[in-house]
Amino acid sequence: MDRPLGHHGAAAGRAGRMVAEQRARGRAATQLSWLLTLDPGAAGDGEARRRRRAPIVGQLTVADIVYGAGRFASIGYWIDQGHAGRGLVPLAAAIATDYCFEVLELHRLEICIRPENQRSLRVVDKLGYRREGLRPRYLHIDGDWHDHLVFVMTSEECPAGGLVRALVEQRV
């Protein structure tokens, strides 16, 4: 289990360590992390475009990837409040779902959401993940243990042609 970092480390050091840990987990194929960014703009000359950095507005992670007989993983995500409601998270989750089923050949994906998180509940509803149950006191967040609802999709439940296609065609 990861230990909390002490207060003596700089934010940049903590961020660098987090990125290094995520890269190591990616190389071990036990976690995949994607940043959600916005295009910094197509206007201007090529050099000016290269110098601009795309702002990070969120992240999606496929974590706890298990192969063998289980073939499952969990999807988690966050997005900056100023960019919520634009369809970025449903699209990112659909892309991750398709990748996990088609490329990694996983069988089951789950997304766990706090019951009061209405925006995330809309994401799983939009994507067609089915509600499976409740995990009492599942994650320690902001100093307390919080219940989470569990939503699941198996490869057999994924729409033909993939979840991205179904989302774009509004079939889910």
Side-chain angles (χ1 to χ4, degrees), residues 2 14-16 18-42 49 52-67 70-132 135 138-139 141-142 146 148-172:
D2 295 328
R14 287 191 304 271
M18 181 184 72
V19 169
E21 288 173 3
Q22 290 187 354
R23 285 181 176 158
R25 290 177 184 146
R27 284 189 298 275
T30 60
Q31 177 175 304
L32 303 172
S33 297
W34 291 284
L35 293 176
L36 305 181
T37 64
L38 296 179
D39 184 346
R49 279 196 308 268
R52 285 188 219 126
R53 291 189 177 224
I56 297 169
V57 298
Q59 179 181 0
L60 184 135
T61 300
V62 178
D64 304 321
I65 300 171
V66 173
Y67 297 98
R71 305 197 72 76
F72 58 86
S74 297
I75 294 177
Y77 50 81
W78 63 267
I79 189 155
D80 178 87
Q81 290 286 33
H83 298 284
R86 298 182 184 184
L88 298 173
V89 170
L91 180 58
I95 292 168
T97 298
D98 287 349
Y99 183 85
C100 288
F101 289 150
E102 295 170 15
V103 177
L104 299 182
E105 297 179 351
L106 298 182
H107 177 256
R108 173 189 168 94
L109 296 171
E110 63 180 40
I111 299 173
C112 296
I113 301 170
R114 289 173 59 174
E116 67 274 12
N117 188 337
Q118 293 299 312
R119 288 186 174 181
S120 281
L121 293 173
R122 283 194 296 275
V123 169
V124 291
D125 184 52
K126 186 181 282 190
L127 296 176
Y129 273 70
R130 68 178 156 77
R131 182 175 169 170
E132 189 172 71
R135 290 200 177 142
Y138 180 59
L139 291 177
I141 301 170
D142 293 331
H146 292 273
H148 281 67
L149 296 169
V150 181
F151 295 85
V152 172
M153 183 176 288
T154 63
S155 55
E156 296 90 355
E157 294 168 321
C158 191
L163 198 52
V164 171
R165 183 175 180 178
L167 181 65
V168 170
E169 294 176 356
Q170 298 296 312
R171 291 188 287 132
V172 291

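- Scanning both residues, H83 and R86, for their nearest heavy atoms gives ND1-NH1, 3.2 Å.
- Across all non-hydrogen atoms, the minimal contact from V57 to W78 is O-CZ3, 3.7 Å.
- For the atom pair R165 CZ and C158 SG, the distance stands at 12.0 Å (nearest 0.5 Å).
- Residues E110 and V152 have side chains in contact (heavy-atom distance under 4.5 Å, counting atoms from C-beta outward).
- A distance of 15.0 Å separates CD1 in I113 from NE2 in H146, rounded to the nearest 0.5 Å.
- Going from atom CD of E157 over to atom NE2 of H107 covers 8.0 Å, rounded to the nearest 0.5 Å.
- Side-chain contact between Y67 and R71: present, with at least one pair of heavy atoms (C-beta onward) separated by less than 4.5 Å.
- Atom CZ of F101 is separated from atom CG of L106 by 7.5 Å, given to the nearest 0.5 angstrom.
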Please report the C-alpha distance between L104 and Y99 in whole Å, then the side-chain angles of each, then the deciding distance to 0.1 Å, and finally whether the side-chain contact (heavy atoms from CB on, under 4.5 Å) criterion is met. CA-CA 7 Å; L104 299 182; Y99 183 85; 3.9 Å; yes
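- Taking 4.5 Å as the limit, some side-chain heavy atom of V62 sits within range of a side-chain heavy atom of C100.
- For the residue pair G162 and E102, the shortest heavy atom distance occurs at CA-OE2, 4.1 Å.
- Put simply, the side chain of D98 gets close to the backbone of V164: a donor and an acceptor are under 3.5 Å apart.
- A distance of 9.0 Å separates NE2 in H148 from OG in S120, rounded to the nearest 0.5 Å.
- Atom CD1 of I79 sits about 12.5 Å away from atom CD1 of I56, to the nearest 0.5 Å.
- Counting heavy atoms from C-beta on, the side chains of I75 and M153 never come closer than 4.5 Å.
- Side-chain contact check for T97 versus Y129: some heavy-atom pair is nearer than 4.5 Å.
- Listed here is the closest heavy atom pair of L127 and A94: CD2-CB, 4.1 Å.
- Q170 contributes a side-chain N or O that, together with a main-chain N or O of L167, makes up a donor-acceptor pair within less than 3.5 Å.
- Within the 4.5 Å cutoff, the side chain of R130 has heavy atoms near those of the T154 side chain.
- At least one side-chain heavy atom of S33 sits under 4.5 Å from a side-chain heavy atom of Q59.
- By the 4.5 Å heavy-atom criterion applied to side chains, L121 and L149 are counted as neighbours.
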